[in-house]
2 protein chains.
Amino acid sequence: MERQTPATTAPQRTSLRADARRNRERVLEAADTVFSEFGPAASTEEVARRAGVSIGTVFRHFPTKEALIEAVVIGRLTQLTAEAERLADAVDADADADADADAAFLIFFHRWIELSATKYQFAGALSRSGTDVQEIRNTHPDVGRKLHDAVGVLLTRAQHTGGIRRDVGASEVIALLVGASRAHEHVGLDADQRAHLLSVIIDGLRGSRPAT
Amino acid sequence: MERQTPATTAPQRTSLRADARRNRERVLEAADTVFSEFGPAASTEEVARRAGVSIGTVFRHFPTKEALIEAVVIGRLTQLTAEAERLADAVDADADADADADAAFLIFFHRWIELSATKYQFAGALSRSGTDVQEIRNTHPDVGRKLHDAVGVLLTRAQHTGGIRRDVGASEVIALLVGASRAHEHVGLDADQRAHLLSVIIDGLRGSRPAT
DNA sequence: TATTAAGCGGAGTCCCCACTCATATTATTG
DNA sequence: CAATAATATGAGTGGGGACTCCGCTTAATA
């Protein structure tokens, strides 16, 4: 609660020894892989093994398993945010912005699904596994806000070109993306059905009936 | 399948002692509640406590924690199936079936969300928690099939009346329902946004643009 | 190269939890 | 009500996993 500072991810201003920085990175990568594959219930030792590091090292960099999971989640949210910002910038740079705004939104949609595939469901799983997404929102409000804003930019532009209905906000779109990922992961669907499923959802976003 | 057969005075297989049957039921209820609240990671002791029973009793009725979780999941799937069948029967009984077929589908859609709320996410969570939904499908193929069929009936009729696009199947609808539940649970949305989200998804199912 | 402190390794501690078993209780039956 | 078989109980067991500790290693610096 009275937690002070030592943020988990970004501030690498602290001069870490070369090997330390390298190991920290390896651990993060390994954690991402392992938790994606086995969920947050995977043991810390498994992460250490995958990173080619001793368990003591894992705990040196992340004082708690929860902190490790949090770092992974933040990393993913940050990646998605960067993706959204990148797409928005690409639209800016282009002359024929109108057509691209719609395309950019769709690309982001699919990119989200892609990045989430078999992975992000664990974000939902960890809700009841000690760490809570809500908690991360509290301790790192900026991460969520940035994602929200970045999605908001893409959304607003796509709405302006008429591609996307105007009665939805960034929060709703994000929720929809989360749901779409989950639906997409649903067992028992083949590739065609998965793709089709996404088109159904996107059609909903295009606004079949001018509700209100 | 264990339908009550003749009562030749001989309590067939179900010859559980009265208290045993009662306790079994209590445990199932408690498990449903507890797992809904804390996810499948909740301890068996917690379930026992909630059921007002000793831990030994829990294991007498369900030899494994996994078996207990499985029983809860099957119970829910069965409940959803019954709900779908009930709605289909209601349409049958009505004269003005056309209008009702569409309404029945929508009611089922909302009913699913309602029954899943804050609950069913655990079905996704347990995917990586030992038990796997896929596994239950293998050991109890009939449960999944019945649900699929029941949804199929509602869907086909709604499509026939023109309310729902014809290029989606029961599997896709179920996946969409799962995703919709997940989106609906998403933190950071108020009641209005949640409702709105569902309408967006349903609009997609209505087929905004006659794609293909 | 010598010095030194940051880092690392990994065996060990502690706690939690699924599951068992010997004993006590109770529904059922005649 | 007695007999007995089915149940319930709950302390106990075993294993796994998060986290610690301290001696050894090595990057950084003069």
Side-chain angles (χ1 to χ4, degrees), chain A residues 3 6 8 11-31 34-35 37-72 122 125-126 128-131, chain B residues 7-31 34-35 37-72 122 125-126 128-132:
Chain A
R3 265 287 160 197
T8 24
Q12 30 191 276
R13 54 160 273 81
T14 343
S15 58
L16 281 175
R17 242 166 63 173
D19 56 343
R21 185 153 42 231
R22 180 161 34 83
N23 279 337
R24 189 196 151 85
E25 208 46 47
R26 280 187 186 172
V27 169
L28 253 185
E29 267 178 54
V34 171
F35 291 144
E37 190 167 352
F38 305 105
S43 75
T44 311
E45 288 210 25
E46 178 60 32
V47 173
R49 201 174 308 132
R50 180 89 63 138
V53 135
S54 90
I55 192 172
T57 300
V58 174
F59 279 97
R60 159 164 279 266
H61 291 292
F62 304 93
T64 281
K65 184 184 185 181
E66 188 178 323
L68 179 56
I69 293 175
E70 186 179 293
V72 171
F122 110 104
L126 60 78
R128 306 297 174 177
S129 170
T131 309
Chain B
T8 2
T9 321
Q12 282 289 30
R13 295 234 44 91
T14 327
S15 61
L16 280 176
R17 243 166 60 174
D19 57 343
R21 184 154 42 232
R22 179 162 35 82
N23 279 337
R24 190 195 150 87
E25 207 47 46
R26 279 186 187 173
V27 169
L28 254 185
E29 266 178 55
V34 170
F35 290 144
E37 190 166 353
F38 305 105
S43 74
T44 311
E45 289 209 26
E46 178 60 33
V47 173
R49 200 174 309 129
R50 180 89 62 137
V53 135
S54 92
I55 191 169
T57 300
V58 174
F59 280 96
R60 156 166 280 267
H61 291 292
F62 304 92
T64 281
K65 185 185 185 181
E66 188 178 322
L68 179 56
I69 294 176
E70 187 180 291
V72 171
F122 109 102
L126 59 79
R128 305 296 173 178
S129 170
T131 308
D132 194 358

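Throughout, a chain's letter reflects where its sequence line sits, starting with A, and its residues are numbered from 1.
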Where do A:Ala30 and A:Val47 come nearest, in terms of heavy atoms and distance?
-> CB-O, 3.6 Å
Between protein and nucleotides 18-28 of chain C, map the contacts as a letter string: B base, S sugar-phosphate only, - none, heavy atoms under 4.0 Å, written 5' to 3'.
-> SBB-----BSS
Do the non-hydrogen side-chain atoms of A:Val27 and A:Arg24 ever get within less than 4.5 Å of each other?
-> no
Report yes if a side-chain nitrogen or oxygen of A:Thr57 is closer than 4.0 Å to either non-bridging phosphate oxygen (OP1 or OP2) of C:dG9; otherwise report no.
-> yes
Report yes if the side chains of B:Ile69 and B:Phe62 come closer than 4.5 Å at any heavy-atom pair, otherwise no.
-> no
Chain A on DNA chain D: first and last contacting nucleotide, 5' to 3', under 4.0 Å to a heavy atom?
-> D:dG17 to D:dA28
Keeping to residues at least two apart or across chains, list the side-chain hydrogen bond (donor to acceptor under 3.5 Å, both in side chains) pairs with something in residues 39-51 of chain B.
-> B:Glu37-B:Arg50, B:Glu46-B:Arg49
Whole-Å distance, A:His61 NE2 to C:dC8 C1', equals 9 Å
To the nearest 0.5 Å, atom CD of A:Glu70 lies from atom CD of A:Glu66 at 6.5 Å
Can you list the residues that meet the side-chain contact (heavy atoms from CB on, under 4.5 Å) rule with A:Ser54, with sequence neighbours excluded?
-> A:Thr57
A:Arg22: what forms a salt bridge (charged side-chain N to carboxylate O under 4.0 Å, His left out) with it, not counting sequence neighbours?
-> none
Can you name the side-chain contact (heavy atoms from CB on, under 4.5 Å) partners of A:Arg60, sequence neighbours left out?
-> none
